[in-house]
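So the structure is just underneath, and the comments pick up after that.
Computation of the quantities below employed the complete heavy-atom set of this structure, encompassing side-chain atoms and omitting hydrogens, waters and symmetry-equivalent molecules. Numbering of ligands and ligand atoms starts at 1, following listing order.
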Amino acid sequence: MTTIHPVYLVGAGPGDPDLLTMKAHRLITSVDVIVYDKLVSAAIMDLAPVGTTRIFAGKQARNHHMPQPDINSLLVDLALSGRKVMRLKGGDPFVFGRGGEEALHLAKNNISFEVIPGITSSAGCAAYAGIPLTHRGLAHGVRFVTGHTQGDNVFDIDWQNLADPDTTLVVYMGLTNIRLISSALIDAGLGGTTPAAIINEGTRSDQKVIITTLVEMPDVVEKTPLSGPTLLIIGKVAGLAHDLAWFHEALDDSAEARS
Ligand SMILES: C[S@@+](CC[C@H](N)C(=O)[O-])C[C@H]1O[C@@H](n2cnc3c(N)ncnc32)[C@H](O)[C@@H]1O
């Protein structure tokens with residue numbers, strides 16, 4: 001009789017392999033199959049042994065490589081074949097990662113699963129950019145929202161509620177609608193001079209951080225085409241990056257130490 005193993009729904013963190021949990025690392029080096037997303041960095045996939053089967057289920061806004069129902073069915077089929085299966089996702093599987101949908105599908109098919117959290121990109125990017133998300137005196141809370149719309153859905157967000165100068169707003173998948181996001185927040189009363197950070201490829205060696213303002217954010221992006229994942233952090237705390245950015249200095253120091 002075939003032994004059915006639990007499917008591991010694992011967060012890979014934002015990209016730097018040193019940010020993997022020990023459990024994620026142990027599983028990457030011991031499962032039979034890894035079904036992975038576009039957001040999982042090459043440096044992390046390189047940790048898998050040569051014999052591991054890798055299945056790319058990558059997704060980009062408007063360019064779905066493998067439709068979600070197919071990914072759900074694939075996980076069930078692989079588990080039923082008796083192989084040890086890992087579903088590896090960028091960041092945390094339960095933060096804008098559709099990990100919940102996959103877990104529900106596995107549960108519906110009586111396949112057990114484990115969820116291994118990862119560092120979500122807002123935490124990873126903020127730390128590596130030098131932005132304390134809830135710095136005392138500047139922000140008494142933080143909100144995570146998506147800036148991406150599905151199909152024809154209206155971009156239906158309560159901007160009035162989000163335009164709070166004392167709360168940090170982190171926008172995942174916000175690049176495409178950056179102009180709309182900026183003007184909607186300003187129309188809702190958030191000052192145009194509110195600091196804003198645009199973080200591209202956060203925590204990776206090619207991380208780019210642009211500190212600007214809410215009103216200037218769209219033009220800055222137009223002038224600096226960015227590829228790869230990008231996160232927006234809007235709020236007074238973004239200004240602290242001027243004093244607290246450390247990551248590239250650390251990279252420079254380690255290059256110097258090696259030479
Ligand atoms: C589909 S969501 C997945 C979020 C992921 N589950 C997480 O917890 O970070 C994809 C979005 O996450 C953000 N993102 C993920 N990794 C990132 C990185 N290394 N740098 C900047 N943004 C990142 C971007 O906004 C990207 O468009």
Side-chain angles (χ1 to χ4, degrees), residues 8-21 24 35-45 56-68 71 86-103 115-131 133 142-151 155 157 168-178 180-182 196-212 217-218 220-221 224-234 238 241 245 247-248 251:
Y8 301 103
L9 298 170
V10 182
D16 181 348
D18 280 351
L19 296 181
L20 279 174
T21 60
V35 180
Y36 68 102
D37 271 354
K38 188 175 163 47
L39 278 178
V40 178
S41 68
I44 286 175
M45 287 310 292
F56 179 60
K59 260 190 254 139
Q60 277 179 298
R62 302 214 176 83
N63 176 18
H64 281 223
H65 179 82
M66 192 184 282
Q68 190 63 47
I71 299 175
M86 172 189 242
R87 172 69 172 117
L88 189 56
K89 290 168 167 289
D92 181 88
F94 278 4
V95 179
F96 300 123
R98 303 188 77 169
E101 291 167 49
E102 292 170 12
V115 184
I116 291 92
I119 294 184
T120 187
S121 50
S122 53
C125 292
Y128 276 46
I131 301 176
L133 290 173
V142 55
R143 284 188 278 196
F144 300 157
V145 296
T146 170
H148 172 59
T149 41
Q150 279 283 319
F155 201 40
I157 281 184
T168 305
L169 183 63
V170 181
V171 187
Y172 290 69
M173 296 169 278
L175 207 52
T176 314
N177 290 316
I178 195 163
L180 193 156
I181 292 164
S182 165
I198 301 160
I199 305 170
N200 174 252
E201 301 274 10
T203 81
R204 305 172 186 204
S205 55
D206 44 2
Q207 166 176 297
K208 286 183 214 69
V209 179
I210 304 167
I211 306 299
T212 177
M217 204 169 63
V220 169
V221 165
T224 324
L226 301 168
S227 61
T230 303
L231 195 80
L232 310 175
I233 301 181
I234 300 162
F247 179 52
H248 281 117
L251 279 184

So which protein heavy atom does [atom] come closest to, and at what separation?
{"atom": "atom 21 (C) of ligand 1", "value": "P229 O, 3.3 Å"}
{"atom": "atom 10 (C) of ligand 1", "value": "L39 CD1, 3.5 Å"}
{"atom": "atom 25 (O) of ligand 1", "value": "T230 O, 2.6 Å"}
{"atom": "atom 8 (O) of ligand 1", "value": "T120 OG1, 2.7 Å"}
{"atom": "atom 13 (C) of ligand 1", "value": "S121 OG, 3.4 Å"}
{"atom": "atom 18 (C) of ligand 1", "value": "G202 N, 3.6 Å"}
{"atom": "atom 3 (C) of ligand 1", "value": "F96 O, 3.2 Å"}
{"atom": "atom 19 (N) of ligand 1", "value": "P14 O, 2.9 Å"}

Contact with ligand 1 for [X], non-hydrogen, under 4.0 angstrom:
{"X": "R204", "answer": "yes"}
{"X": "E201", "answer": "yes"}
{"X": "D92", "answer": "yes"}
{"X": "G15", "answer": "no"}

### Query
Should the ring pair Y36 and F56 be called parallel, tilted or perpendicular, given that the plane angle runs from 0 to 90° and is split at 30 and 60?
tilted
### Query
For atom 5 (C) of ligand 1, which candidate among G97, A123, G90 holds the nearest heavy atom?
G90
Heavy-atom pair with the smallest gap, counting every atom of [X] and [Y]:
{"X": "G90", "Y": "L39", "result": "CA-CB, 3.9 Å"}
{"X": "A57", "Y": "R87", "result": "CB-NH1, 4.3 Å"}
{"X": "V221", "Y": "I198", "result": "CG2-CD1, 3.6 Å"}

### Query
For ligand 1, which atoms have a heavy atom of V95 less than 4.0 angstrom away?
4 (C), 5 (C), 6 (N), 7 (C), 8 (O)
### Message
If the cut-off is 4.0 Å to any non-hydrogen atom of I199, which atoms of ligand 1 fall inside it?
### Response
21 (C)
### Task
Scan for side-chain hydrogen bond (donor to acceptor under 3.5 Å, both in side chains) pairs involving residues 12-21, sequence neighbours excluded, and state none if there are none.
D16-Y128
### Query
Do side-chain atoms of D92 reach the backbone of G118 as a donor and acceptor pair under 3.5 angstrom?
yes
### Query
So, the side chain of N177 versus the backbone of H148: is there a donor-acceptor pair under 3.5 Å, distance only?
no
### Query
What residues form a side chain to side chain contact (heavy atoms under 4.5 Å, CB included) with A127, not counting sequence neighbours?
none
### Side-chain touch P93/V10, heavy atoms, less than 4.5 angstrom
no
N or O pair under 3.5 Å between [X] and ligand 1:
{"X": "N200", "value": "no"}
{"X": "Y172", "value": "no"}
{"X": "M173", "value": "yes"}

### Task
Pick one of side chain, backbone, both or neither for how T146 approaches ligand 1, counting any non-hydrogen atom pair under 4.0 Å.
neither
### Message
Heavy-atom pairs closer than 4.0 Å: do any link ligand 1 to the side chain of C125, the backbone, both, or neither?
### Response
side chain
#### Entry: Worked verdict on Y172 versus L231 for side chain to side chain contact (heavy atoms under 4.5 Å, CB included)
CA-CA 5 Å; Y172 290 69; L231 195 80; 3.9 Å; yes
## Note on the structure
Tested for side-chain contact (heavy atoms from CB on, under 4.5 Å) against I199, the lone hit among T230, I210, I131 is I131
### Message
side chain to side chain contact (heavy atoms under 4.5 Å, CB included), that's the test. Do L133 and V170 meet it? Break it down for me.
### Response
CA-CA 9 Å; L133 290 173; V170 181; 4.1 Å; yes
